[in-house]
Amino acid sequence: GDSVTQMEGPVTLSEEAFLTINCTYTATGYPSLFWYVQYPGEGLQLLLKATKADDKGSNKGFEATYRKETTSFHLEKGSVQVSDSAVYFCALSARNAGKSTFGDGTTLTVKP
Amino acid sequence: EAGVTQFPSHSVIEKGQTVTLRCDPISGHDNLYWYRRVMGKEIKFLLHFVKESKQDESGMPNNRFLAERTGGTYSTLKVQPAELEDSGVYFCASSQGVQGFFETQYFGPGTRLLVL
C-alpha cells in the first residue's frame, strides 16, 4: 500500500538557519503530495502542495518540489524563524482515493 | 467562515468506559474524514464519509469504534469500550465534494483522548 517516510526528528536549529526535512513516498500511480504543519495547541494546517511531477509548492518561505524520479518531496526553507517551531507532516493522496497517507511527523524547534 | 470544529478538546476516561467524539465540518463540505495519531507516530486514516454514507472505513481498527454522520452534517465517533491503546489524538477533516485527488482537506484541532 501507499506509505510516506519522513526524516526522523526532532530537529533543532538556530534562527536563520537553513531547513531541510526529507520526505520520500511509495504509491501507485501519480499521487498528490502535501506538507502539513501543526503549531503548538493547534490543528493541522496545509502548508503547501504539489499535484504533478516537477511542480513546486511554496508558502510562507517554505518550498518543496515533486520529484517523481526519486519519489521525494523534501521541505526546505532558507531562513527559519522561532515562529516556525512546529510539527511538520508529509502526506500523499492517491487519485480519487480521498484519504491521505501521512508520515510520522518531524518536530522542529528553532532557537533564538 | 468557521473551520472544522471538534469536541471535546481533551478527554480522560478509564479503560472500559465509553467516549463519543464529535466533529462539525465546514458548512457545505460533503466529505468528512476521521484520522488518529497514536503515540507520536503517523496520522492514520480511519474512515471517510460522503454526505451520510461511509465511503471507506478500511482504517477502522475494530468493532469497538462506531462512526455516524446522520443527516450528512456533523459526525460522531464512539469508542465502546475504550482500551489503553485507543489513546491518541483524533483528527477530523472535511473537504468539498469536487472530484479529483488534489482536493484540499481542512483539519480540526483534534481531540486528545487518554485512556487510563
Considering only heavy atoms, which portion of [X] lies under 4.5 Å from any heavy atom of chain A: side chain, backbone, both, or neither?
{"X": "B:Y35", "result": "side chain"}
{"X": "B:S58", "result": "side chain"}
{"X": "B:Q6", "result": "neither"}

Part of [X] lying under 4.5 Å from any heavy atom of chain B:
{"X": "A:L46", "value": "side chain"}
{"X": "A:T101", "value": "neither"}
{"X": "A:Q38", "value": "side chain"}

task: Give the member of B:S9, B:P109, B:G108, B:A93 that has the highest number of heavy-atom pairs under 4.5 Å with chain A.
output: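 When all of B:S9, B:P109, B:G108, B:A93 are compared, B:P109 has the most.
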- prompt: Taking every heavy-atom pair that is under 4.5 Å apart, which of B:L47, B:V50, B:I43, B:V89 has the most such pairs with chain A?
  reply: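 Greatest number of close heavy-atom pairs with chain A: B:I43.
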field: SG-CH2 distance between A:C23 and A:W35, expressed to the nearest 0.5 angstrom
entry: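 With rounding to 0.5 Å, SG (A:C23) is 5.0 Å from CH2 (A:W35).
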- prompt: Between the side chain of B:S95 and the main-chain N/O of B:N31, is any donor-acceptor distance below 3.5 Å?
  reply: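 Checking the backbone N and O of B:N31 against the side chain of B:S95, no donor-acceptor pair under 3.5 Å is found.
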field: Distance under 6.0 Å and angle within 45° of ring axis: B:R37 vs B:F91
entry: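 Output no; distance or angle outside limits.
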- request: Kindly give the heavy-atom pair with the smallest separation between A:A94 and A:D2, and that separation in Å.
  value: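 Residues A:A94 and A:D2, closest heavy atoms: CB-OD2, 3.8 Å.
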query: Aromatic rings A:Y36 and A:F102: how do their planes relate, parallel, tilted or perpendicular, breaks at 30° and 60°?
result: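 If you compare the ring of A:Y36 with that of A:F102, the planes turn out tilted.
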Side-chain ion pair, B:D24 and B:R22, N-O less than 4.0 Å: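 Judged by the 4.0 Å cut-off on N to carboxylate O distance, B:D24 and B:R22 do form a salt bridge.
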